[in-house]
Amino acid sequence: MLVNGDVIPSKDFSALSDNDIRLALDAVTVPVHSDRASFRNWSKTYSCRPRTVFEPENDDQCRLIVELARREKTSVRACGAAHSPSDLACTSGYLLRTDRLDRVLQVNVKENYIVVQAGISLHTMHKRLAHYGLAMSNVGSISDQSLGGVITTATHGSGVGYAVIPNHVLELTLLVADGSCVSCSRHSRPDLFLATLSGLGTTGFVLTVKLSVEPAFNLREVRSLVDFDAGLQRLDSIASSAEHVRIWWFPQQRSWRVMASSRTSEAPNAVSSWFWNELIGFQLIQLLLFFGRFWSYLTTLGSALACWLMSDSQVVVDVSHKIFNLDCRYPQYAIEWAIPYEQTQSCLQELEKWLEREMADPQGIRPHFPIEIRFTKADDIWLSPSYGRKSTWIGIIQYKPYNYPVSYRRYFQGFTDIVTKYKGRPHWAKDHAFRAATLHKLYPRFGDFINLISNMDPCGIFRNEYIQRHFFDEDVNARVFKERP
């Protein structure tokens, strides 16, 4: 990777015929009869059958895929762990699976950075970094995702002093629509850099990432149960009580499970109980959720059980990513929105009153649990939901017990109606209905972003149906890839 780079010299493939390119890609082309020739996201809510699926192993193969797409006038979509609960990764064009693009290229312990291929998973990153006594400074709730997916969707952890994870990126190498490889950073091509972070893969395919890290650390997490009203009054002190704070809200019980963690020199003390965590906390609750599809009071019972299992105060110490990460449990429908931090109390009060009315209605919504609340500081990444403002992220889910569908649309719409009143911005990896006109109002640099990607990719090689629908107002059905249309 170039420190102050621009266009990186690469091979010229223009003299190759289409057939030559196909032959060169034959070894990394997924056979049409293979299960991997189709795509399904982790939550099993969206799926597609791409025109062709590739599993490249090096940069030249990626360039050949883009060259073939350009000639055939089709699109290319990169896909990592398929963890997005939306149709963000779905395509009718070429799908480029990044699993094999997972090499560590450079580790600098003295200056605390690592250079990796963008297809590397966070799980693998943690292992490789630990070998050198390093760690990521902040991580979200899971580590299944690829690093490329994390940085192009503004994936976040929690902490009022920490920005979204892409903010730790120092430099990128991109494969752009004309087939060239370009290096960018805050100092070289800064507009391209800030548009690519949280750019949903529209500026080009991310080949390599230079990421700022820090010496490995343990986290000491204090877990406690707080009454909703008391928690709301103490929101500022709770949010700033530790380096990383997240809240699980159980609306049926009007309780918060507050998890506040900070760096520590203490040794790990984490223990796990198969009976309580697996048999009761996983299997029994999933059974209650399943039957709650027919008898709603069982969903409320499941919430009460889950809240009770977490009612004891605890202090847990473990390796950083093990504290940051959680078990997502079951396939799920999920949405998440970021609102200005100063609007948090008002927004949560309105959500609480709405859910209270629903739960008092025999035919009302019975939300699954928990509602997750997290925090990030403001940043300058063009399409980051935290652009220009300290943010509170509020995420809701409806589980799919044993992968059976549950009712969710009325719940999600009611939630969305409220958070949008508070200038909510959607998490890019999750479902939302916003189109270009609304995004222009919410993101001051959205117009600059559209101009940049239109100039860099005039033929739309990196635009799948999601991008066409949300960024360019094209008439693409939001449920075109939905498993249950």
Side-chain angles (χ1 to χ4, degrees), residues 1-13 25 28 54-70 76-80 94 96-108 111-122 124-125 128-129 136 145-155 164-213 381-383 449 452-453 455-457 461-462:
M1 179 176 286
L2 304 183
V3 176
N4 294 299
D6 194 357
V7 177
I8 301 171
S10 53
K11 297 177 184 177
D12 182 7
F13 294 133
L25 291 173
V28 296
F54 299 98
E55 296 181 324
E57 299 173 345
N58 57 55
D59 294 357
D60 281 346
Q61 290 169 344
C62 294
R63 291 188 60 238
L64 285 170
I65 294 165
V66 170
E67 174 66 18
L68 191 60
R70 184 185 63 78
V76 179
R77 194 64 177 159
C79 169
Y94 289 165
L96 195 160
R97 293 188 182 272
T98 63
D99 309 56
R100 299 179 182 178
L101 300 168
D102 64 348
R103 290 187 296 131
V104 175
L105 305 176
Q106 183 185 357
V107 179
N108 191 313
E111 296 185 23
N112 289 332
Y113 70 79
I114 185 171
V115 181
V116 296
Q117 289 183 301
I120 193 169
S121 73
L122 297 196
T124 302
M125 281 273 293
R128 303 287 176 84
L129 287 169
M136 294 179 66
Q145 317 104 307
S146 68
L147 182 61
V150 165
I151 65 174
T152 56
T153 59
T155 295
V164 295
I165 296 173
N167 197 63
H168 296 285
V169 176
L170 302 173
E171 189 177 352
L172 297 169
T173 301
L174 294 176
L175 169 59
V176 295
D178 67 5
S180 62
C181 295
V182 177
S183 175
C184 59
S185 68
R186 290 184 178 274
H187 309 292
S188 174
R189 296 198 174 196
D191 282 359
L192 177 59
F193 181 74
L194 292 172
T196 300
L197 301 177
S198 193
L200 309 186
T202 55
T203 60
F205 178 65
V206 181
L207 294 171
T208 63
V209 181
K210 181 178 180 181
L211 187 73
S212 172
V213 293
I381 297 168
W382 286 7
L383 292 194
F449 174 82
L452 186 145
I453 64 175
N455 290 331
M456 293 202 64
D457 184 13
I461 289 175
F462 295 111

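When reading the values below, keep in mind they use all heavy atoms of this one structure, side chains included, and skip hydrogens, waters and symmetry mates.
The shortest heavy-atom contact between Val150 and Pro166 is O-CG, 3.9 Å. A pairwise comparison of heavy atoms in Ala177 and Asp457 identifies CB-OD1, 3.5 Å as the closest pair. For the residue pair Ser146 and Ala118, the shortest heavy atom distance occurs at CB-O, 3.9 Å. Residues Ser180 and Asp178 share a closest heavy-atom pair of OG-OD1, 2.6 Å. In terms of heavy atoms, Glu67 sits closest to Arg70 at OE2-NH2, 2.5 Å. Across all non-hydrogen atoms, the minimal contact from Val66 to Val76 is CA-CG2, 4.5 Å.
How far CD1 of Ile65 is from CZ of Phe205: 8.0 Å, rounded to the nearest 0.5 Å. Here the CG-CH2 distance, from Leu452 to Trp382, works out to 5.5 Å after rounding to the nearest 0.5 Å. Remark: Ile165 CD1 to Leu197 CG distance equals 12.0 Å, nearest 0.5 Å. Note that CG of Asn58 and CZ of Arg100 are 11.0 Å apart. Values are rounded to the nearest 0.5 Å. We find the CG-OG1 distance between Leu383 and Thr202 to be 7.5 Å, quoted to the nearest 0.5 Å. Taking OG1 of Thr124 as the reference point, atom CG of Leu129 lies at 10.5 Å (rounded to 0.5 Å).
A donor-acceptor contact shorter than 3.5 Å is absent between the side chain of Thr196 and the backbone of Gly199. Side-chain N or O atoms of Thr98 include none that pairs as donor or acceptor with a backbone N or O of Leu101 at under 3.5 Å. Between the side chain of Gln117 and the backbone N or O of Arg103 there is at least one donor-acceptor pair closer than 3.5 Å. Remark: the backbone N or O of Thr152 is not paired with any side-chain donor or acceptor of Ser198 at under 3.5 angstrom. Formation of a donor-acceptor pair under 3.5 Å by the Arg97 side chain with backbone atoms of Glu55 is not found in this model.
Contact annotation: the side chain of Phe193 never approaches that of His187 to less than 4.5 Å [non-hydrogen atoms, C-beta and beyond]. Annotation: side chain of Val104 is in contact with side chain of Ile120 (closest heavy-atom distance under 4.5 Å). For the pair Leu172/Thr208, no side-chain contact is recorded, criterion being any heavy-atom separation below 4.5 Å from C-beta on. Residues Val116 and Arg128 have side chains not in contact (no heavy-atom distance under 4.5 Å, counting atoms from C-beta outward).
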Exercise. For Phe54 and Leu64, what are the C-alpha separation, side-chain angles and deciding distance, and is it a side-chain contact (heavy atoms from CB on, under 4.5 Å)?
Worked result: CA-CA 11 Å; Phe54 299 98; Leu64 285 170; over 6 Å; no
Problem set entry | Evaluation steps, side-chain contact (heavy atoms from CB on, under 4.5 Å), between Phe462 and Thr203 | CA-CA 7 Å; Phe462 295 111; Thr203 60; over 6 Å; no
For this session: Give the C-alpha distance, both sets of side-chain angles, the deciding distance and a yes or no for side-chain contact (heavy atoms from CB on, under 4.5 Å) between Cys181 and Leu207.
Result: CA-CA 9 Å; Cys181 295; Leu207 294 171; 3.7 Å; yes
For this session: Test Gln145 against Thr153 for side-chain contact (heavy atoms from CB on, under 4.5 Å), laying out the working first.
Result: CA-CA 11 Å; Gln145 317 104 307; Thr153 59; over 6 Å; no
